[in-house]
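Have a look at the structure below, then the notes.
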Protein chains: 2
Amino acid sequence: MPTPQSLTQAERTAISDRAMLAAAMELILQHGIEKTTLQSIGERAGYSRGLATYRFGSKAGLLDEVCKSISRRWLDFLNERVGEQIGIDAMCTALDSFFEFISRYPSDAQVLQILYGGAASPTSEFRQTSANIHQRQMDDVANWVAAGVATGSIRDDVDPKSVAAQYIAYISGMTYLWLISSPSVDFEKANDDMKTHLRLSLQSDSEKIARSTK
Amino acid sequence: MPTPQSLTQAERTAISDRAMLAAAMELILQHGIEKTTLQSIGERAGYSRGLATYRFGSKAGLLDEVCKSISRRWLDFLNERVGEQIGIDAMCTALDSFFEFISRYPSDAQVLQILYGGAASPTSEFRQTSANIHQRQMDDVANWVAAGVATGSIRDDVDPKSVAAQYIAYISGMTYLWLISSPSVDFEKANDDMKTHLRLSLQSDSEKIARSTK
DNA sequence: GGATACTTGTTAGCAACAAGCAAGTGAGTA
DNA sequence: TACTCACTTGCTTGTTGCTAACAAGTATCC
């Protein structure tokens with residue numbers, strides 16, 4: 001048994017793991033992916049130059065973990081807010097949530113987008129991770145749309161999968177533009193306009209009447 | 001003066017330049033950015049291991065050139081097709097053109113998207129290039145929208161810059177999704193739906209009547 | 001003869017792996 | 001319960017091959 005001031009093996013790895021993921025995020029944000037070295041990550045986390053390689057196997061393995069770790073936080077954040085909503089309401093809430101996430105945790109959002117960019121390279125070992133996350137989000141949106149069609153709030157001639165692809169593409173592209181040219185893109189205004197356009201292009205006629213007579 | 005079978009200095013650089021850019025594209029497509037070496041580019045182009053470094057100064061310099069070279073082809077392709085169109089017509093034609101470009105020159109489109117991804121990294125020396133290209137495209141779209149508003153075909157309560165950002169974000173995001181998960185994204189169908197949604201959300205009421213009575 | 005395209009020599013830094021060290025763990029014994 | 005000793009696991013250091021980048025040299029053009 002470890003003494004009070006000592007740690008179990010599991011605690012030691014948990015601590016070093018968190019320290020290294022945090023260090024990796026800082027360094028990626030400062031210097032980008034290619035100039036972030038496994039050596040600097042280990043040392044900034046307070047360990048030796050070799051620990052990052054030992055723990056994550058390779059640079060790609062580490063980036064994959066950072067990617068998964070941030071994605072998990074984002075998906076939890078999103079689910080908390082969207083809850084059981086469906087249809088256009090869910091899509092609008094998700095847009096608001098995304099803007100809130102970007103405002104509250106800009107570092108997380110920036111690093112995630114940088115990693116998604118790196119995942120575009122063929123043979124990138126975390127391309128699959130990015131593809132899975134995007135696919136999962138598209139599936140969620142497609143379900144919201146399908147449910148909206150089923151309950152009559154969304155026009156029945158829209159294809160849920162196609163709308164979902166457009167919606168995720170919009171968010172992904174908007175985040176990219178925000179990252180590479182922050183000042184010239186008014187994310188919040190674009191989101192507000194997007195919500196208007198979502199209603200204009202997806203809402204069923206009956207729903208339009210119902211909402212206008214309120 | 002060079003003999004018939006010999007070449008002028010300008011011709012020599014033009015030839016080696018083209019050969020290296022082509023080699024770089026092939027290698028990036030096969031192995032991704034980080035596993036593409038300046039040595040392999042020079043050698044695949046039929047030269048020594050050092051020429052790529054000598055000509056482009058650095059790896060970032062070379063990637064920047066590849067990025068600019070493909071972007072130029074795409075923008076020419078687009079301008080040929082959109083011509084003097086404005087408003088929703090220009091936006092729809094641009095969507096069709098983009099799908100045509102991706103279908104006819106998939107390698108160009110893939111490499112360009114891979115490079116845009118790499119440009120997301122801070123300190124990436126071609127981040128500015130990507131920002132400029134995206135900004136220029138957004139400005140063009142904003143002008144189309146503004147012209148559409150001016151001629152009455154687009155509702156006058158839309159903000160051209162905001163719509164332009166959404167439109168470019170959609171194309172950028174869609175290309176990313178297409179790159180990382182080709183089979184599950186039906187680009188053509190999404191584009192067709194997008195054209196419908198553009199009309200539903202942007203078209204002015206007078207234009208809707210005019211088109212429906214045709 | 002000078003300038004320009006291109007090649008070869010060299011160096012510092014990196015990822016990745018292997019071998020070693022140190023701290024934690026758990027079964028057996030009394 | 002308390003101690004021990006073999007074993008496991010976290011972590012560090014030594015090393016190698018590869019790469020970008022630069023400097024110095026050679027060949028081709030002007």
Side-chain angles (χ1 to χ4, degrees), chain A residues 1-24 27-28 30-66 115 118 121 123-126, chain B residues 1-24 27-28 30-66 115 118 121 123-126:
Chain A
M1 259 319 252
T3 59
Q5 61 264 48
S6 76
L7 300 164
T8 65
Q9 304 269 50
E11 283 169 337
R12 293 212 297 176
T13 49
I15 290 169
S16 61
D17 237 66
R18 254 178 289 136
M20 283 197 293
L21 289 179
L27 289 166
I28 289 169
Q30 272 179 25
H31 307 118
I33 293 179
E34 68 267 24
K35 284 183 183 169
T36 295
T37 67
L38 292 169
Q39 175 172 349
S40 65
I41 291 169
E43 286 169 350
R44 171 174 289 225
Y47 296 86
S48 70
R49 64 178 174 77
L51 185 58
T53 307
Y54 167 76
R55 182 65 51 79
F56 299 102
S58 68
K59 189 169 179 177
L62 178 126
L63 297 176
D64 195 31
E65 281 307 314
V66 176
L115 291 173
S121 241
T123 75
S124 163
E125 294 179 41
F126 56 108
Chain B
M1 263 313 253
T3 57
Q5 60 264 49
S6 77
L7 301 162
T8 65
Q9 304 268 52
E11 282 168 339
R12 292 212 301 174
T13 49
I15 289 169
S16 60
D17 237 66
R18 255 178 288 134
M20 283 196 292
L21 289 180
L27 289 166
I28 289 170
Q30 272 178 26
H31 307 118
I33 293 178
E34 69 266 26
K35 286 182 182 170
T36 295
T37 66
L38 291 168
Q39 175 172 349
S40 64
I41 291 169
E43 286 169 351
R44 171 174 288 225
Y47 296 86
S48 71
R49 64 179 174 76
L51 185 59
T53 307
Y54 168 76
R55 181 66 49 80
F56 300 102
S58 67
K59 189 169 178 176
L62 176 126
L63 295 177
D64 195 33
E65 280 308 315
V66 176
L115 291 173
S121 241
T123 75
S124 163
E125 293 178 41
F126 56 107

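Just so we're clear, the structure is a prediction, and the values are computed from it rather than from any experiment. Protein chains get the first letters and strands the later ones, always in sequence-line order, with residue 1 at the start of each. Computation of the quantities below employed the complete heavy-atom set of this structure, encompassing side-chain atoms and omitting hydrogens, waters and symmetry-equivalent molecules.
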Under 3.5 Å, sequence neighbours excluded: what are the donor-acceptor pairs made by side chains of residues 12-20 of chain B?
{"residue": "Arg12(B)", "atom": "NH2", "partner": "Gln9(B)", "partner atom": "OE1", "Å": "3.4"}
{"residue": "Thr13(B)", "atom": "OG1", "partner": "Gln9(B)", "partner atom": "O", "Å": "3.3"}
{"residue": "Thr13(B)", "atom": "OG1", "partner": "Ala10(B)", "partner atom": "O", "Å": "2.9"}
{"residue": "Ser16(B)", "atom": "OG", "partner": "Arg12(B)", "partner atom": "O", "Å": "3.2"}
{"residue": "Ser16(B)", "atom": "OG", "partner": "Thr13(B)", "partner atom": "O", "Å": "3.1"}
{"residue": "Ser16(B)", "atom": "OG", "partner": "Arg55(B)", "partner atom": "NH1", "Å": "2.9"}
{"residue": "Ser16(B)", "atom": "OG", "partner": "Arg55(B)", "partner atom": "NH2", "Å": "3.2"}
{"residue": "Asp17(B)", "atom": "OD1", "partner": "Arg55(B)", "partner atom": "NH1", "Å": "2.7"}

Output the rounded distance in Å from [atom1] ([X]) to [atom2] ([N]).
X: Glu125(B); N: dA20(D); atom1: CD; atom2: P; result: 13 Å
X: Leu51(A); N: dA22(C); atom1: CG; atom2: C1'; result: 14 Å
X: Leu63(B); N: dA20(D); atom1: CG; atom2: P; result: 10 Å
X: Glu11(A); N: dT25(C); atom1: CD; atom2: C1'; result: 14 Å
X: Arg12(B); N: dA3(C); atom1: CZ; atom2: C1'; result: 12 Å

Donor-acceptor pair, Ser40(A) side chain versus Thr37(A) backbone, under 3.5 Å?
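At least one qualifying donor-acceptor pair exists.
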
Kindly say whether Ser124(A) contributes a backbone atom to a donor-acceptor pair with the side chain of Ser121(A) at under 3.5 angstrom?
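Side chain of Ser121(A) to backbone of Ser124(A): no pair is present.
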
For Ser58(A), which residues count as a side-chain contact (heavy atoms from CB on, under 4.5 Å) partner, sequence neighbours excluded?
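Ser58(A) satisfies side-chain contact (heavy atoms from CB on, under 4.5 Å) with Ala60(A), Glu125(A) once adjacent residues are dropped.
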
Residues two or more places apart in sequence or in another chain: which of them pass side-chain contact (heavy atoms from CB on, under 4.5 Å) with Gln30(A)?
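For Gln30(A) the side-chain contact (heavy atoms from CB on, under 4.5 Å) partners, ignoring immediate neighbours, are Arg44(A).
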
Residues in contact with DNA chain C, drawn from residues 34-48 of chain B - heavy-atom cutoff 4.0 Å:
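By residue number: Tyr47(B), Ser48(B).
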
5' precedence on DNA chain D between Gly50(B) and Gly50(A) (nearest-nucleotide basis):
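Nearer the 5' end of the strand: Gly50(A).
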
Run the side-chain hydrogen bond (donor to acceptor under 3.5 Å, both in side chains) test against Thr53(B) and tell me which residues pass, sequence neighbours left out.
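If we apply the side-chain hydrogen bond (donor to acceptor under 3.5 Å, both in side chains) test to Thr53(B), skipping adjacent residues, there are no hits.
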
Shorter than 3.5 Å, N or O on both sides, protein versus nucleotides 14-16 of chain D: list them out with atom names.
{"residue": "dG14(D)", "atom": "N7", "partner": "Arg49(A)", "partner atom": "NH2", "Å": "2.4"}
{"residue": "dG14(D)", "atom": "O6", "partner": "Arg49(A)", "partner atom": "NH1", "Å": "3.2"}
{"residue": "dG14(D)", "atom": "O6", "partner": "Arg49(A)", "partner atom": "NH2", "Å": "3.4"}

Considering only heavy atoms, which members of residues 13-22 of chain A lie under 4.0 Å from some atom of DNA chain D?
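Per residue number, the list reads Thr13(A), Ser16(A).
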
Tell me which nucleotide among [options] gets nearest to the side chain of [X].
X: Tyr54(B); options: dA21(D), dA16(C), dA5(C); answer: dA5(C)
X: Lys59(B); options: dA23(C), dA20(D), dC29(D); answer: dA20(D)
X: Thr53(A); options: dT12(D), dA16(C), dA21(D); answer: dA16(C)

Does the side chain of [X] reach to within under 4.5 Å of the side chain of [Y], using non-hydrogen atoms?
X: Leu63(A); Y: Ile28(A); result: yes
X: Phe126(B); Y: Leu62(B); result: no
X: Tyr54(B); Y: Leu38(B); result: no

Hey, what do you get for CD1 (Ile33(B)) to CG (Leu115(B)), rounding to the nearest 0.5 Å?
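Going from the CD1 atom of Ile33(B) to the CG atom of Leu115(B) covers 5.0 Å.
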
Please collect all salt bridge (Lys or Arg N to Asp or Glu O under 4.0 Å) contacts where either partner lies in residues 30-42 of chain B, sequence neighbours excluded, each pair once.
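Passing the test, one end in residues 30-42 of chain B: no pairs.
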
